[in-house]
Amino acid sequence: MPELPEVETVRRGLALKISGRRIVRAELRRLDLRRPFPPALAERLDGAQIGALGRRGKYILIELDADGVLLLHLGMSGRVTVGNAALPAAPHDHMVLTLDDDTVIRFNDPRRFGLIDYVRRGEAARHPLLARLGPEPLEASFDGAYIASKLAGKLTPIKAALLDQRIVAGLGNIYVCEALYRAGLSPKRLAASIGRRRADRLAAAIKSVLTEAIAAGGSSVRDYVQADGELGYFQHHWAVYGREGEPCPGCNCAEGVRRIAQSGRSTFYCAKRQR
DNA sequence: CTTTCGTCCTGACTGC
DNA sequence: TGCAGTCAGGACGAAA
C-alpha cells in the first residue's frame, strides 16, 4: 500500500541507482495499466538520459533528457526492483528498463492500479493527474490554518476528507488512520468541526507520522534497497492500523483498537483517545 | 456544486 | 485438500 513515505523511499532508492544513467533498452510487456501507456513510450524511454527524480503526492517524476518527465504511480500493489540483466522477467513485470551499467529496473504491479505516463517537462504541473493535487503535507505551507480553511463547511467525515488528494497530497488509508490517532481526533468527526486548534494538532500529527515513516524507510534498508532488490517497502510498526482488537498503545482502555468501515474502507481507531 | 458509490485487478486469506 | 467467497486499496467517473 504505497503512500507518501513508501513512494518517497522508492524515489530515493531509485535515484541512487538510476540518476545520471542512460536507458539502453526499454521493454514494455503490456500496453496499459490503469490507463493506456502514452504513445511511443518505449521509443521515448529507449536511449534517454535519466536526470533528477522528484515526487508529487504519490507520483514519482523521473526527468528524461532535456524536456521529458516519466510519471509513475504505484497504485496499490506497484513495486520497483533493482536487479541485473540475468534475471528473467517475473509475472506482472510490466516495464523493464536496462541501464548502461547493466542494472535492470523492473516495475511490477499485479493489480495494475498503477500508472505510467509521459509528459513534457514544462507541462508537468499542468498534467491532469497533478494539477489538482493539494499541497505537499511536509511543506511549511501545509499547516493548521490551511487545514482549517480547507475543511470549513465540509459535511464529510475527517477520514474521507484526508483521503481526498485535492485537500492534501500523498495520504492513504494507513497514514490517515495513524495521523488521526496521533492527533486524538475521531475519524467520524465531521470535517467542518475541525477548528483551528484541532487543525494545528492534525497538521503536526500528519507531519510527524510521515517524517518518522520516511526515516524508518531510509534506515531499515541499506541504501533503500533490500537484499531481494526491492525498493521502498519496509517494516513499520503501526499504532492502530491493522490492529483490530489489540490494546491501544496509548491507553489501557478495555476495548482496544476498533475497526469500522467508512466509505467502503477500513478505519482503525481508539474510541477513548480519539474524539 | 458536493458527496457517495461502483469499478478496475489479483493475491492472500477465510470458511465450509 | 480444494474451492468459492471476501477483502484489500487509489483514483476516476457516474450517479444522486
Side-chain angles (χ1 to χ4, degrees), chain A residues 1-11 29-38 55-61 71-81 89-95 106-117 119 126-137 149-180 187-194 206 210 213 228 230 232-233 235-236 238 240-245 257-269:
Chain A
M1 296 142 257
E3 302 179 26
L4 189 154
E6 291 78 24
V7 175
E8 175 62 16
T9 306
V10 170
R11 184 195 70 78
R29 306 188 69 244
R30 55 179 300 129
L31 298 174
D32 62 71
L33 288 176
R34 203 166 77 208
R35 49 198 283 177
F37 292 156
R55 181 188 56 74
R56 183 75 177 91
K58 299 172 193 170
Y59 292 89
I60 295 173
L61 289 78
L71 213 58
L72 297 183
H73 192 295
L74 301 174
M76 149 78 185
S77 57
R79 291 165 185 274
V80 179
T81 59
H92 313 301
D93 278 349
H94 306 309
M95 180 175 71
R106 294 180 170 84
F107 182 103
N108 183 287
D109 184 9
R111 294 182 203 176
R112 306 210 300 271
F113 279 22
L115 177 144
I116 299 175
D117 205 354
V119 62
R126 291 189 294 275
H127 189 286
L129 294 166
L130 304 180
R132 289 155 70 187
L133 288 178
E136 286 292 320
S149 69
K150 206 67 182 173
L151 299 184
K154 277 212 168 296
L155 300 177
T156 187
I158 181 63
K159 164 81 187 305
L162 292 178
L163 286 172
D164 186 341
Q165 302 297 298
R166 294 169 299 183
I167 292 177
V168 55
L171 298 182
N173 205 38
I174 295 173
Y175 291 100
V176 167
C177 289
E178 294 294 315
L180 287 172
K188 295 186 283 190
R189 172 180 282 279
L190 284 190
S193 76
I194 306 285
I206 290 170
L210 296 179
D228 62 0
E230 180 160 332
Y233 290 78
Q235 308 298 322
H236 201 66
W238 315 120
V240 288
Y241 186 83
R243 296 186 174 275
E244 181 182 14
V257 177
R258 289 189 193 178
R259 173 162 75 154
I260 59 172
Q262 288 184 290
S263 49
R265 307 246 184 278
S266 286
T267 299
F268 298 87
Y269 74 112

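Chain letters run A, B, ... following the sequence lines, proteins first and then strands; every chain starts at 1.
- Of all non-hydrogen atoms in A/Arg55 and A/Gly57, the two that sit nearest each other are NH1-O, 2.9 Å.
- If you take NZ of A/Lys150 and P of B/dT3, they are 12 Å apart, rounded to a whole angstrom.
- For B/dT10, the OP1/OP2 oxygens have no side-chain nitrogen or oxygen of A/His92 closer than 4.0 Å.
- A/Leu151 and A/Ala191 make their closest contact through CB-O, 3.5 Å (heavy atoms, listed as atom of the first residue, atom of the second, distance).
- A/Leu171 approaches A/Tyr175 most closely through the heavy-atom pair CD2-CB, 4.2 Å.
- Between A/Lys154 and A/Arg30, the residue whose closest nucleotide on DNA chain B is further toward the 5' end is A/Lys154.
- One can place CG of A/Leu162 at 14 Å from P of B/dT3, the figure rounded to the nearest angstrom.
- When heavy atoms are screened at a 4.0 angstrom cut-off, A/Leu163 is found touching no nucleic acid atom at all.
- In this structure, the CD1 atom of A/Ile167 is 15 Å from the P atom of C/dG10, given to the nearest Å.
- Under the side-chain hydrogen bond (donor to acceptor under 3.5 Å, both in side chains) test applied with A/Asn173, the options A/Glu178, A/Arg265, A/Glu3, A/Lys159 reduce to a single match, A/Lys159.
- Atom pair A/Arg243:CZ and C/dA8:C1' shows a separation of 18 Å (rounding to whole Å applied).
- The nearest pair of heavy atoms linking A/Lys188 to A/Pro157 is O-CB, 4.2 Å.
- At a threshold of 4.5 Å between non-hydrogen side-chain atoms, the residues A/Leu33 and A/Ile116 count as touching.
- Comparing B/dT3, C/dG10, B/dT10 by their closest approach to the side chain of A/Leu155 singles out B/dT3.
- In this structure, CD1 of A/Ile158 is placed 12 Å from P of B/dT3, rounded to the nearest angstrom.
- Contact check, A/Ser266 against C/dA8: a side-chain N or O comes under 4.0 Å of OP1 or OP2.
- Between the CD1 atom of A/Ile260 and the P atom of C/dA8 there is a distance of 13 Å, given to the nearest Å.
- Distance CZ (A/Arg35) to P (C/dA11): 12 Å, rounded to an integer number of Å.
- Minimum heavy-atom separation, A/Tyr59 to A/Arg34: OH-NH2, 4.1 Å.
- Between A/Ser263 and B/dT3, a side-chain N or O to OP1/OP2 separation shorter than 4.0 Å is absent.
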Sort me out a list of protein N/O and nucleotides 7-9 of chain B N/O pairs below 3.5 Å, or just none if empty.
residue, atom, partner, partner atom, Å
B/dC9, O4', A/Arg111, O, 3.4

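- Spacing between atom NZ of A/Lys58 and atom C1' of C/dG10 amounts to 6 Å, rounded to whole angstrom units.
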